[in-house]
Student: 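Pasting a structure below so you can have a look.
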Amino acid sequence: MCGIIGYLGYREAYPIIINGLKKLEYRGYDSSGIAIFYDGGYNLYKTIGSVYELEKKISYNIKIDEKKGTTGIGHTRWATHGIPNDINAHPHVSNSNELILIHNGIIENYHAIKIFLSKKGFIFNSKTDTEVLVNLIEYIKNENQLSLEEAVRISLNEIIGAYSIAIVEKSHPERIVIAKLGSPLALGINDKEFFIASDPIPFLNYTRNVLDLKDGEMAILKRNHELDLRKITNNHKLSPSIRELHINLKQIEKGGYKYFMLKEIHEQPKTIFDTLRGRLSNELICIEGIESNIDRFINAKSITIVACGTSWHASLIGEYLLEDFAKVPVEVEYASEFRYRNPIIEEQDIVIVISQSGETADTIAALKLAKAKGAFVFGICNVVGSFLARNVDAGMYTHAGPEIGVASTKSFTAQITVLFLLALKIGKQRSKITHDRYKLLCKELGSIPEKVRITLKIDNIIDTISRNYHNVENFIYLGRGINFPVALEGALKLKEISYIHAEGYPAAEMKHGPIALIDEKMPVVIIATQNSVYEKIIGNIQEIKARKGKIIAIVNKGDFQVSMLADHIIEIPTISEELSPLLTVLPLQLLAYKLAYIRGKNVDQPRNLAKSVTVE
Ligand code: F6R
């Protein structure tokens, strides 16, 4: 998975491409490259490392004139085929040096094509599937004396896999051909310019008019501002549908915070408010996607929730809520497992797919499988207009705003909020929740944004704990009931940004193995808020103390019993057990952030990760 960007217009392409790439680094940042075209030629710069490294390399070594040119393409990579290095970085160039290509996605049948092309005399320098594609296009173009666009179209019909691509012919820099299947591609358009990018954010300063290429579409863009949209399979001409994008640029800036992750953690009072906006009013829950399909939800025999990573943790919380409020059996599955195991889904079943990005490859595949099996598919997603959003039968946006930090934070709490609304609504419609409980929970839900704001004021204690433990190699996270998935989420956050090994467990399960890990060096973060299993949790804390483990406990304000036992306590406001994950996760997000920060890690761009995992 990678970020791609392109420009065709009258301005210098270099600054547009390089700055745009910086905004796409959430998609990958192990290597990057750009090509800037002038009449009759081009300059190509590639490097291992982030876009910052690329910019540095260019400003040290390249004359200003070399950067001039009003057509350009750029790429920031997250390696799939071939290790991150200068050679495997994009753009890739065909053997004759005529065609220059950038690609996001994966060509599954590249090996067979590579063997075929090798027999025809083609040489490959990199280990990438992209270099195979650019040479396939060259081969088909030359063999059949075709225009670039026709050669691209015919080549793409030979491809199995996913792609969004942009390709330029050296001798015709006045034209870019783009195409999409599976991977995202947005086209920005204004009077005299075209902007191409994996998402519209890099070109928002220039235009808000966006054409979202659909799967199986390609476009030929020309400097005279001609736009020719076509279907890849049969070359049928299509009429473009352009939408105006409404987005506040402040939402995608750091706003004084050192990292996007920290900004996004602190945005949660507002994002949860935004998630509730227009959907919860006094005791009324109004959700368009449910109202219009209410019979489906009332008659559902079972619900399966599929997701990956943090969205999967939110799904586990959804399972507790839906079973508790709506009394409907729920299964939660990793999308990557669901898609390959022929699950039993019947027509009256509902499949809920959850994804922040709406483009996670495994989640999308699970969505398609659920639809093929006849399920009613309900989506929960953050990115408006994403593949998921466009392909479910109904759904709800989380309205958390753009999430740039690779580690998901505000999306997680927005997903839980949506699941809470959903579970309450279905519970009420199925008459499985008493009116008094429903009323109380609606009221408490409305108070959550303010309680989140209060909870986040724990800088001092987070700082103290982080300074005590930033050198340890392992952490354990424990929770019970609805807070067990929060323990999993806390451990995931810590692992992915600080590279400290961490495990999450249901607290009582600890006795069945993990307790062997406890010694005086092991910090154990335990969610010990007052709830139906409070006494049991105290028992678990005693067990850890007896083995000299260090206890970091998340407790309700004023807690006495746990405070007597723990090495550190982090207090959160009192709230019903069902809503507690929305508060208990906050200290865990902040703790992961601070530990990573003290250890000097790049919090927003952890190694080996990318924001949207568009490969399986
Ligand atoms: C962890 C994280 C990932 C994502 C996962 C699914 O902080 O961000 O685990 O949650 O890759 O992504 P989405 O929700 O976009 O499908």
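Both counts, for ligands and for their atoms, begin at 1 and track the order of listing. All residue numbers in this chain count up from 1 along the given sequence.
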Student: Side chains of Glu264 and Tyr593, heavy atoms from C-beta outward: is any pair under 4.5 Å?
Tutor: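 Result no, sub-4.5 Å side-chain heavy-atom pair not found.
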Student: Would you mind listing which atoms of ligand 1 come within a distance below 4.0 Å of any non-hydrogen atom of Ser357?
Tutor: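 Going through ligand 1 atom by atom, the ones under 4.0 Å from Ser357 are 13 (P), 15 (O), 16 (O).
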Student: Aromatic rings His568 and Tyr469: how do their planes relate, parallel, tilted or perpendicular, breaks at 30° and 60°?
Tutor: perpendicular
Student: Out of all atoms in ligand 1, which are within 4.0 Å of some heavy atom of Lys493? Include the element for each.
Tutor: 1 (C), 7 (O)
Student: Could you list the atoms of ligand 1 found under 4.0 angstrom from a heavy atom of Gln356?
Tutor: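 Every atom of ligand 1 under 4.0 Å from some heavy atom of Gln356: 13 (P), 14 (O), 15 (O), 16 (O).
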Student: Suppose I only count heavy atoms of Gly309 and a 4.0 Å limit; which atoms of ligand 1 are within that range?
Tutor: 9 (O), 10 (O)
Student: For the CD atom on Glu331, are there more than 12 heavy atoms of other groups (residues, nucleotides or ligands in this structure) within a distance under 6.0 Å?
Tutor: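 Open.
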Student: If I apply the N/O under 3.5 Å rule, does Gln415 come out as touching ligand 1?
Tutor: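 In fact, backbone or side chain, Gln415 has no N or O that close.
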Student: Does any part of the side chain of Thr304, heavy atoms only, come nearer than 4.5 Å to the side chain of Ile345, both counted from C-beta?
Tutor: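 Answer yes - side chains close enough.
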Student: If you count the atoms of ligand 1 from 1 in the order shown, which ones are under 4.0 Å from a heavy atom of Ala407?
Tutor: 7 (O)
Student: Taking non-hydrogen atoms only, is Glu359 closer than 4.0 angstrom to ligand 1 via side chain, backbone, both or neither?
Tutor: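 It is neither part, as no heavy atom is under 4.0 Å.
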Student: With atoms numbered from 1 as shown, which atoms in ligand 1 lie under 4.0 angstrom from a non-hydrogen atom of Glu496?
Tutor: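 This gives 1 (C), 7 (O) as the contact atoms.
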Student: Pull out every atom of ligand 1 sitting under 4.0 Å from any heavy atom of Ser355, numbered as shown with elements.
Tutor: 13 (P), 14 (O), 15 (O), 16 (O)
Student: Measure up the Tyr259 and Tyr597 rings against each other and bin them: parallel (under 30°), tilted (30 to 60°), perpendicular (over 60°).
Tutor: perpendicular
Student: Report the relative orientation of the aromatic rings in His90 and His75; use parallel for angles under 30°, tilted for 30 to 60°, perpendicular for over 60°.
Tutor: parallel
Student: Looking at Glu450 and Arg453, is any side-chain nitrogen of the basic one under 4.0 Å from a carboxylate oxygen of the acidic one?
Tutor: yes
Student: Can you confirm if the NZ or CZ of Arg599 lies within 45° of the ring axis of Tyr499 and under 6.0 Å from the centre of its six-membered ring?
Tutor: no
Student: Any atoms of ligand 1 less than 4.0 Å from a non-hydrogen atom of Ser311? List them with their elements.
Tutor: 10 (O), 13 (P), 14 (O)
Student: Determine whether any heavy atom of Val406 lies closer than 4.0 Å to an atom of ligand 1.
Tutor: yes
